[in-house]
There are 2 protein chains.
Amino acid sequence: MSDPVRARSNGRRRKEARPSELAEAALGLFVEKGYAATRLDEVAARAGVSKGTLYLYFDSKESLFKAVITMGIDPVMARGESMFEELRDDPVALLRALLAGWWELVGATELAGIPKLMIAEARNFPELARFYHEEVISRGRALVAGALELGIERGLIRRVDVPSAVQVLMAPLLMLSVWRTSFAVCDADACRPEKYLPTYFDLILNGLLVRPGAGELP
Amino acid sequence: MSDPVRARSNGRRRKEARPSELAEAALGLFVEKGYAATRLDEVAARAGVSKGTLYLYFDSKESLFKAVITMGIDPVMARGESMFEELRDDPVALLRALLAGWWELVGATELAGIPKLMIAEARNFPELARFYHEEVISRGRALVAGALELGIERGLIRRVDVPSAVQVLMAPLLMLSVWRTSFAVCDADACRPEKYLPTYFDLILNGLLVRPGAGELP
DNA sequence: CAATAATGACTGACCAGTCAGTTATTATAG
DNA sequence: CTATAATAACTGACTGGTCAGTCATTATTG
């Protein structure tokens, strides 16, 4: 086949670009309206093609959905894993970098809709949920857990229960990205990361960092 | 009319009980499959009646949805507001009581599905989202914010940005209840409140309680 | 003029909402 | 205490619209 990587950007034939254009359009609509309520005609229209074209690149609505979820996972994971190696001698900075990096690479991008979408549809697509759990959630948690464990080893972080602490730590970030894709319209104030993130890091770190007179509950 | 409040419990005619039975069945299915993917035939079947009966009590699928969301709000709010009055002289205990109370009254009950449902459908039902935001979210936040402010006034809680701290504090609880209604099957470990909640309170409080040598980030 | 890309009218299944009819309960009459 | 009428609760077959998925046709390109 003659050079398939040409992608003339303004010509009509854009075989190479179509799948990701369609997946991006689908992500937006799935996040906005939900999987079941999204019309494939609308997805195609948003991507500037007809429904027939969509079926040239995806077998079914379900396979489009799977592509939407799968897309963009690898670069994020790779970035996290490289951070881990770079910062393993400063576990607290590593932890901050992982959480802030998640926000930059996911929370602040188009990908932020994926958590909401996956949460909404996990029970309708159990196999996909299992895939996502193994390839994204578990791997992400392992990174944060690793940072906590390094910090605990070196006496920088208090001896917390690591698995549940990881969840507690991720929850505010996930929730913020979920919120921005749902209640943003009637609750714009709640969706200001520049206000939320510093408070988040402050609360989280001052609970995690080992300090002399850490008190118990009254 | 002769006594309409009789409600023979096992006879076939149960006019009084039907709406809540239907709403409960609908909540379960909406949370499980999503609003759009839920069939009214299925809701009716789960409530042990036919679809025709459902339409005796609700005008439309949408009004059923609204009833599902509205149901059970008032008792929860009332409980929160009474807690506030009872415990206003011990703000830290008040904060714990509000958060733990939310878990007991919402997180650990059928109502736990409502956050997920509202998040998934907020953009499809903007008026309902606004209602929910005003009547539930804002009022709930006001309670937690009040507890924080009392604690700050009395020097028991650090001077954090209250609005964003409230969100950060609620996020792990909301996330846990959302998780239990979505990824529970493939991630049962993550859904153990007996493990998660103590870690949550530990992390949260040790970040909030004023302590002598509270350090800044490195 | 191939070969490949794209189209949009079409179809068959599905489902929200309706309504004429059925069954149970209560009231009234004989 | 039947028999009959009146009412209230409920049913499920039906309809009209919607939408995922198909395919014969048209457009574009080399």
Side-chain angles (χ1 to χ4, degrees), chain A residues 1-27 29-30 32-68 121 124-125 128, chain B residues 1-27 29-30 32-68 121 124-125 128:
Chain A
M1 301 151 204
S2 62
D3 187 4
V5 198
R6 111 203 56 98
R8 320 163 113 283
S9 61
N10 52 351
R12 294 254 338 278
R13 307 307 175 76
R14 323 215 293 105
K15 194 183 177 191
E16 321 304 325
R18 292 281 185 241
S20 60
E21 287 169 357
L22 284 160
E24 199 170 332
L27 172 59
L29 286 162
F30 287 159
E32 195 176 315
K33 320 172 68 139
Y35 173 78
T38 295
R39 318 286 148 228
L40 292 187
D41 276 307
E42 215 174 343
V43 172
R46 183 175 288 200
V49 298
S50 70
K51 190 167 61 165
T53 299
L54 193 158
Y55 276 90
L56 293 177
Y57 300 101
F58 298 95
D59 290 345
S60 63
K61 191 179 185 182
E62 184 168 340
S63 78
L64 172 62
F65 180 64
K66 288 175 181 166
V68 163
E121 301 297 340
N124 291 328
F125 300 94
L128 182 61
Chain B
M1 300 150 201
S2 62
D3 189 4
V5 197
R6 107 204 59 95
R8 321 165 112 280
S9 63
N10 53 350
R12 297 249 340 279
R13 311 305 172 78
R14 323 214 295 106
K15 192 183 180 190
E16 322 303 327
R18 292 283 184 238
S20 59
E21 287 169 354
L22 285 161
E24 198 169 334
L27 172 59
L29 286 162
F30 287 158
E32 196 176 314
K33 322 172 67 137
Y35 173 80
T38 295
R39 317 287 145 226
L40 292 187
D41 277 306
E42 216 175 343
V43 172
R46 185 175 287 200
V49 299
S50 70
K51 190 167 60 164
T53 299
L54 193 158
Y55 276 90
L56 293 176
Y57 299 102
F58 299 95
D59 290 344
S60 62
K61 192 179 184 181
E62 184 168 339
S63 78
L64 172 63
F65 180 64
K66 288 175 180 164
V68 163
E121 302 297 340
N124 291 327
F125 300 94
L128 182 62

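Because the structure is predicted, anything quoted here is derived from the model rather than measured. Chain letters run A, B, ... following the sequence lines, proteins first and then strands; every chain starts at 1.
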Heavy-atom protein contacts under 4.0 Å, nucleotides 10-16 of chain C, coded B base, S sugar-phosphate only, - none | -----SB
Using the six-membered ring of A/Y35, assess whether NZ or CZ of A/K61 lies under 6.0 Å from its centre and within 45 degrees of the ring axis.
-> yes
Starting at atom CG of A/L54, determine the distance to atom P of D/dT22, rounded to an integer number of angstrom.
-> 12 Å
Is the shortest heavy-atom distance from the side chain of B/L64 to the side chain of B/L40 under 4.5 Å?
-> yes
Is A/S60 close to A/F65 at the side-chain level, that is, under 4.5 Å between some pair of heavy atoms?
-> no
Distance below 4.0 Å between A/T53 side-chain N/O and C/dA6 OP1 or OP2 | no
Run the side-chain contact (heavy atoms from CB on, under 4.5 Å) check on A/R46 and A/E21 step by step: do they pass?
-> CA-CA 9 Å; A/R46 183 175 288 200; A/E21 287 169 357; over 6 Å; no
Round to a whole Å and report the spacing from CG of A/L56 to P of C/dG8.
-> 13 Å
Taking every non-hydrogen atom, the tightest pair across B/A36 and B/R39 = O-NH1, 3.5 Å
Can you name the nearest heavy-atom pair linking A/A26 to A/V68, along with the distance?
-> CB-CG2, 3.7 Å
Using a cut-off of 4.0 Å on non-hydrogen atoms, how would the nucleic acid contact of B/Y57 be classed: base, sugar-phosphate, or nothing?
-> sugar-phosphate
